[in-house]
Amino acid sequence: MSSDFEGYEQDFAVLTAEITSKIARVPRLPPDEKKQMVANVEKQLEEAKELLEQMDLEVREIPPQSRGMYSNRMRSYKQEMGKLETDFKRSRIAYSDEVRNELLGDDGNSSENQRAHLLDNTERLERSSRRLEAGYQIAVETEQIGQEMLENLSHDREKIQRARERLRETDANLGKSSRVLTGMLRRQPHLKRKRLHSN
């Protein structure tokens with residue numbers, strides 16, 4: 001099984017190296033070649049994602065005691081994949097700016113400003129996405145804590161109800177004992193008078 005994983009690793013390494021090289025070349029190519037290169041990189045990124053999915057499946061088949069090392073490697077590959085996608089996104093933004101400039105005749109300074117603005121917006125969106133993910137995680141954890149508190153309160157309520165039932169039973173028993181004692185005390189003078197008359 002590990003040999004299959006290592007085979008996928010080698011394919012992933014070769015593929016990501018090719019993608020990195022092509023992404024770096026995109027801004028320097030003529031328009032027609034750029035379009036073709038962008039389409040080619042998109043296809044290879046999909047292939048790389050499929051390889052990661054295969055590797056992920058292989059890791060799940062590994063016994064838990066031996067899975068740690070492979071899981072760490074998978075995290076590294078996924079981070080690399082995320083970086084490639086970000087680099088490609090920036091390369092495409094630069095490519096789109098240049099195509100638009102050629103069609104509209106924008107000057108270089110305007111192109112640079114627009115590119116910087118687009119990159120800044122992209123980074124802001126990524127930061128917002130990370131904040132949303134963090135907020136979601138906090139919401140999930142808060143919900144779990146709330147559920148645990150509700151369960152504890154339910155247990156406490158049951159305990160209090162049982163204690164009240166015991167108190168009611170004790171009160172009832174005390175009431176019965178009190179009535180018996182009162183009856184005994186009432187009969188006691190009568191018994192004394194009977195003894196006196198008999199003497």
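Since we're looking at a predicted model, the values are computed, not measured.
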Atom pairs and distances, side-chain donor-acceptor, residues 18-27, under 3.5 Å, sequence neighbours left out:
unit_1 : atom_1 : unit_2 : atom_2 : d
Glu18  : OE1    : Gln44  : NE2    : 2.8
Thr20  : OG1    : Thr16  : O      : 2.8
Lys22  : NZ     : Asn40  : OD1    : 2.5
Lys22  : NZ     : Gln44  : OE1    : 3.2

Among residues at least two apart in sequence or on other chains, which ones pass salt bridge (Lys or Arg N to Asp or Glu O under 4.0 Å) with [X]?
| X | result |
| --- | --- |
| Glu169 | none |
| Arg73 | Glu9 |
| Glu53 | none |

Results of side-chain contact (heavy atoms from CB on, under 4.5 Å) for [X] - residues two or more places apart only:
| X | answer |
| --- | --- |
| Arg179 | Lys176 |
| Lys78 | Leu52, Asp56, Met74 |
| Glu42 | Val38, Phe88, Arg92 |
| Lys83 | Asp87 |

With [X], which residues qualify under side chain to side chain donor-acceptor pair (under 3.5 Å), at least two apart?
| X | answer |
| --- | --- |
| Asn72 | Arg75 |
| Lys43 | none |
| Glu85 | Lys49 |
| Arg166 | none |

Hey, what's the ring geometry for Phe5 with Tyr70, parallel, tilted or perpendicular (30° and 60° as the breaks)? perpendicular
Enter the distance from Met81:CE to Leu51:CG here, rounded to the nearest 0.5 Å. 9.5 Å
